[in-house]
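Comments concern the structure below.
What you see is a predicted model; the values in this text were computed from it and never measured. Throughout, residue positions are numbered sequentially from 1 according to the sequence presented.
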Amino acid sequence: MLKLHFSSPRWSFSLSLYTVSNNQIFVLMKSHEKPLFSRMSARELIFLCNEKMTCAARDLAEFTKNGINASFIVALAHKCEEFEDQLEDHPKMQETQHLEMVAEIEAGIQQICDTGKIIWSQNPSRLQDYVITSTQPI
């Protein structure tokens, strides 16, 4: 059996080749779309975080009723700012060296978006502020 793995910014492919009797080859290919956050550059993640925090701050009264208060948003803003500073101070540093910070930022964005979707489930125009799509301009 031979396994190959291909990856693009948006998709991940696994290809397995199996040889059976009579030299027949069977191919098994699996593909899946990578999670949106993993396809973003660090700068895109920072931009998205700032955009979602701005929406949550605007809707702070509703978010507070649903468990996300100003302290949460401020802490996420500081984490995002710290990440941006690290990228500016060490431009050649690999993004993989920031995985813990990136994971915290992604979790914060996800929590804001999930809460926003709950709050605005009956208001499609406001709901869109908390939906993250692969075609979203960043």
Side-chain angles (χ1 to χ4, degrees):
M1 178 175 77
L2 173 67
K3 283 191 162 192
L4 302 169
H5 183 78
F6 305 96
S7 188
S8 73
R10 186 170 180 170
W11 293 90
S12 178
F13 301 92
S14 295
L15 184 66
S16 301
L17 302 174
Y18 298 92
T19 304
V20 291
S21 62
N22 300 330
N23 292 327
Q24 292 177 326
I25 297 176
F26 289 91
V27 177
L28 175 63
M29 186 170 121
K30 296 179 184 175
S31 67
H32 65 276
E33 191 170 11
K34 291 182 180 178
L36 180 61
F37 288 131
S38 70
R39 296 192 317 252
M40 288 183 178
S41 71
R43 300 286 177 207
E44 290 172 329
L45 181 64
I46 291 167
F47 180 85
L48 181 67
C49 185
N50 288 326
E51 181 182 73
K52 298 309 173 192
M53 284 186 305
T54 300
C55 292
R58 177 196 65 212
D59 298 331
L60 186 58
E62 293 297 323
F63 271 82
T64 302
K65 292 177 194 174
N66 286 275
I68 292 183
N69 57 25
S71 297
F72 176 88
I73 296 169
V74 169
L76 183 58
H78 287 303
K79 184 64 66 181
C80 196
E81 185 177 329
E82 181 183 345
F83 181 51
E84 188 172 23
D85 289 345
Q86 284 184 8
L87 290 174
E88 288 174 6
D89 292 344
H90 307 286
K92 295 187 188 255
M93 187 177 280
Q94 294 294 319
E95 290 178 24
T96 54
Q97 294 173 291
H98 303 289
L99 287 179
E100 186 176 312
M101 191 172 291
V102 167
E104 290 174 19
I105 292 169
E106 289 174 354
I109 294 169
Q110 193 65 57
Q111 192 171 350
I112 286 172
C113 289
D114 290 347
T115 304
K117 289 176 198 173
I118 292 168
I119 293 168
W120 301 113
S121 63
Q122 302 301 314
N123 185 336
S125 63
R126 297 294 291 276
L127 177 68
Q128 283 307 114
D129 290 342
Y130 300 100
V131 174
I132 302 171
T133 65
S134 59
T135 58
Q136 181 170 350
I138 296 176

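Considering CD of Glu81 and CD of Gln86, their distance stands at 12.0 Å, rounded to 0.5 Å. For the atom pair Lys79 NZ and Met53 CE, the distance stands at 12.5 Å (nearest 0.5 Å). Rounded to the nearest 0.5 Å, atoms CD1 (Ile105) and CG (Asn50) are 9.5 Å apart. In this structure, CZ on Arg126 lies 13.0 Å from OG on Ser121, to the nearest 0.5 angstrom. The CZ atom of Phe63 lies 9.5 Å from the CD atom of Gln111; values are rounded to the nearest 0.5 Å.
Looking only at side-chain heavy atoms (C-beta outward), Glu51 and Thr54 stay at 4.5 Å or farther from each other. For the pair Ile119 and Asp59, the minimum side-chain heavy-atom distance is 4.5 Å or more.
Of all heavy-atom pairs spanning Leu87 and Arg43, the tightest one is CB-NH2, 3.8 Å. Across all their heavy atoms, Ile73 and Ala57 have their closest contact at CD1-N, 4.0 Å. The minimum heavy-atom distance linking Ile112 with Tyr130 is given by the pair O-CD2, 3.9 Å. The minimum heavy-atom distance between Leu60 and Ile68, with the atom names listed, is CD1-O, 4.3 Å.
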Legend entry - Candidate pair Glu106 and Ile109, rule side chain to side chain contact (heavy atoms under 4.5 Å, CB included), full reasoning: CA-CA 5 Å; Glu106 289 174 354; Ile109 294 169; 5.6 Å; no
Inset, instruction - Could you go through the side chain to side chain contact (heavy atoms under 4.5 Å, CB included) check for Lys52 and Leu76 one step at a time? - result: CA-CA 11 Å; Lys52 298 309 173 192; Leu76 183 58; over 6 Å; no
Inset, instruction - List the steps, then state whether side chain to side chain contact (heavy atoms under 4.5 Å, CB included) holds for Glu104 with Phe83. - result: CA-CA 11 Å; Glu104 290 174 19; Phe83 181 51; over 6 Å; no
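Side-chain polar atoms of Asp114 and Gln110 form a donor-acceptor pair below 3.5 angstrom.
If you chain together hydrophobic residues whose side chains sit under 4.5 Å apart, Ile118 and Leu127 never meet in one group.
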